[in-house]
Amino acid sequence: MNIGDYLDSTYLKTAIQAGISEEETKQNVIDLIDEAIENNFKLVMIRPKFVKLASKMIKDANSQTVVGTVLGFHEGTYETSKKLEEAVKAIEEGVDELDFVVNFEAFKEGKINLVKSEVFKGTKLGLDNNKIVKWIIEVAALTEEEIIAISQLIRDVVLDNFGEEQAHNVFVKSSTGFYKTENGKPAGATFEAMELIVKNSKPLQAKAAGGVRNYDDAVKMIKLGVTRIGTSSAKKIADGGKTDSEY
């Protein structure tokens, strides 16, 4: 198994969140991209403002690494139109994969038609432009029953509107990495949550983001049926080490 084929190397902290300068943040992103290129990681996942930079660096290096970004990040409560505007700009700047934060708060409030509409519009925009689309459902904010239901909702919107032939181009993804939990509960992917996502989103793909901290856990996730792993410590995991990072 080439674990690098499954790793989405990720840096999503703003300068304020990291307590560093904008220039230092940009350098962290550059270092992440260089590392991903050098190690043949599947993807770099960065904020929209760095898409153009990442696309150029990867193209100049003649690398097979692809570029992903986040939309409606990280709360997910942005209006659908705003998420789509962010996505259009990212597409124009060379993005390969679009990771939308689904409006999980609306879902929890029973606003199912709003969520269905958002999933349809975001997926259509991505697929029409030959992009991979991922829907971040924020498992730490949901009950097991809600994880099952929202995974099935996304699956059904994709299959009903775009057909099974497009299923491999759409993912259900676990987490943003920024959700604040209580009592030390995991904020990212757990084996239990990913098993529910895999089972209830098939034939869509599944991405475990956050919480995968070592090579053995990454392999276990893959054996569960996960096809991508989002992590800020891709190199450590690829080298067989362990990380203390929360994402």
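Quantities reported herein were computed from a predicted structural model and do not represent experimental measurements.
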Beyond-backbone contact of [X] with [Y], side-chain heavy atoms, under 4.5 angstrom:
X: I136; Y: K173; result: yes
X: V139; Y: I197; result: yes
X: D31; Y: Y11; result: no
X: M57; Y: V44; result: no
X: D34; Y: E38; result: no
X: E164; Y: P203; result: yes
X: N161; Y: T123; result: no
X: I46; Y: V51; result: yes

Problem set entry | Partner of E93 under side-chain contact (heavy atoms from CB on, under 4.5 Å), chosen from K52, K56, K49 | K52
Any chance you could measure [X], atom [atom1], to [Y], atom [atom2], to the nearest 0.5 Å?
X: L142; Y: I137; atom1: CG; atom2: CD1; answer: 5.5 Å
X: K13; Y: H74; atom1: NZ; atom2: NE2; answer: 12.5 Å
X: E75; Y: F104; atom1: CD; atom2: CZ; answer: 8.5 Å
X: I154; Y: L159; atom1: CD1; atom2: CG; answer: 12.0 Å
X: L196; Y: L224; atom1: CG; atom2: CG; answer: 10.5 Å
X: I91; Y: L125; atom1: CD1; atom2: CG; answer: 4.0 Å

For this session: Specify whether W135 and F100 have parallel, tilted or perpendicular ring planes, treating 30° as the upper limit for parallel and 60° as the lower limit for perpendicular.
Result: parallel
Exercise. Using the ring of each side chain (for Trp, its six-membered ring), is F73 parallel, tilted or perpendicular to F178, with breaks at 30° and 60°?
Worked result: perpendicular
For this session: Under the side-chain contact (heavy atoms from CB on, under 4.5 Å) rule, what do M45 and V70 come out as? Steps first, then yes or no, please.
Result: CA-CA 8 Å; M45 178 61 58; V70 287; 4.0 Å; yes
Ignoring hydrogens and geometry, is there a side-chain-to-backbone donor-acceptor pair from [X] to [Y] under 3.5 Å?
X: S81; Y: E79; value: no
X: S174; Y: G188; value: no
X: D96; Y: V67; value: yes
X: N214; Y: D216; value: yes
X: S175; Y: G177; value: no

Problem set entry | Test side-chain contact (heavy atoms from CB on, under 4.5 Å) applied to I222 and I3, step by step | CA-CA 9 Å; I222 293 164; I3 198 72; 3.5 Å; yes
Which pairs of donor and acceptor atoms, one on a side chain in residues 106-119, lie under 3.5 Å apart (sequence neighbours left out)?
| residue | atom | partner | partner atom | Å |
| --- | --- | --- | --- | --- |
| K108 | NZ | A141 | O | 2.8 |
| K108 | NZ | E146 | OE1 | 3.3 |
| E109 | OE1 | K111 | NZ | 3.1 |
| E118 | OE1 | K83 | NZ | 3.3 |
| E118 | OE1 | N103 | N | 2.9 |
| E118 | OE2 | K83 | NZ | 2.7 |

Atom [atom1] of [X]: over 12 foreign heavy atoms under 6.0 Å:
X: Q166; atom1: CD; answer: yes
X: E144; atom1: CD; answer: no
X: Q17; atom1: CD; answer: yes

Exercise. Which is it for E138 and T176 under the side-chain contact (heavy atoms from CB on, under 4.5 Å) test, yes or no, and what are the steps along the way?
Worked result: CA-CA 6 Å; E138 201 67 275; T176 63; 2.6 Å; yes
For this session: Report the C-alpha distance between K134 and D8 in whole Å, list the side-chain angles of each, state the deciding distance to 0.1 Å, and finish with yes or no for side-chain contact (heavy atoms from CB on, under 4.5 Å).
Result: CA-CA 12 Å; K134 307 190 197 84; D8 288 1; 3.9 Å; yes
Exercise. Are side-chain N/O atoms of N28 and E24 paired as donor and acceptor at under 3.5 Å?
Worked result: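 No, no side-chain donor-acceptor contact under 3.5 Å.
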For this session: For the residue pair T227 and Q205, confirm or rule out a side-chain donor-acceptor distance under 3.5 Å.
Result: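 Yes - a donor-acceptor pair under 3.5 Å links their side chains.
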For this session: Mind checking side chain to side chain contact (heavy atoms under 4.5 Å, CB included) for K59 and listing every partner two or more places apart, or none if nothing turns up?
Result: none
What are the two closest heavy atoms between [X] and [Y], and how far apart are they?
X: A189; Y: A208; value: CB-CB, 3.8 Å
X: L84; Y: G122; value: CD2-CA, 3.8 Å
X: P48; Y: T69; value: N-OG1, 3.0 Å
X: S201; Y: R155; value: O-CG, 3.6 Å
X: A218; Y: I237; value: CB-CG2, 4.0 Å

Problem set entry | SB check K42 E97 (cutoff 4.0 Å) | no
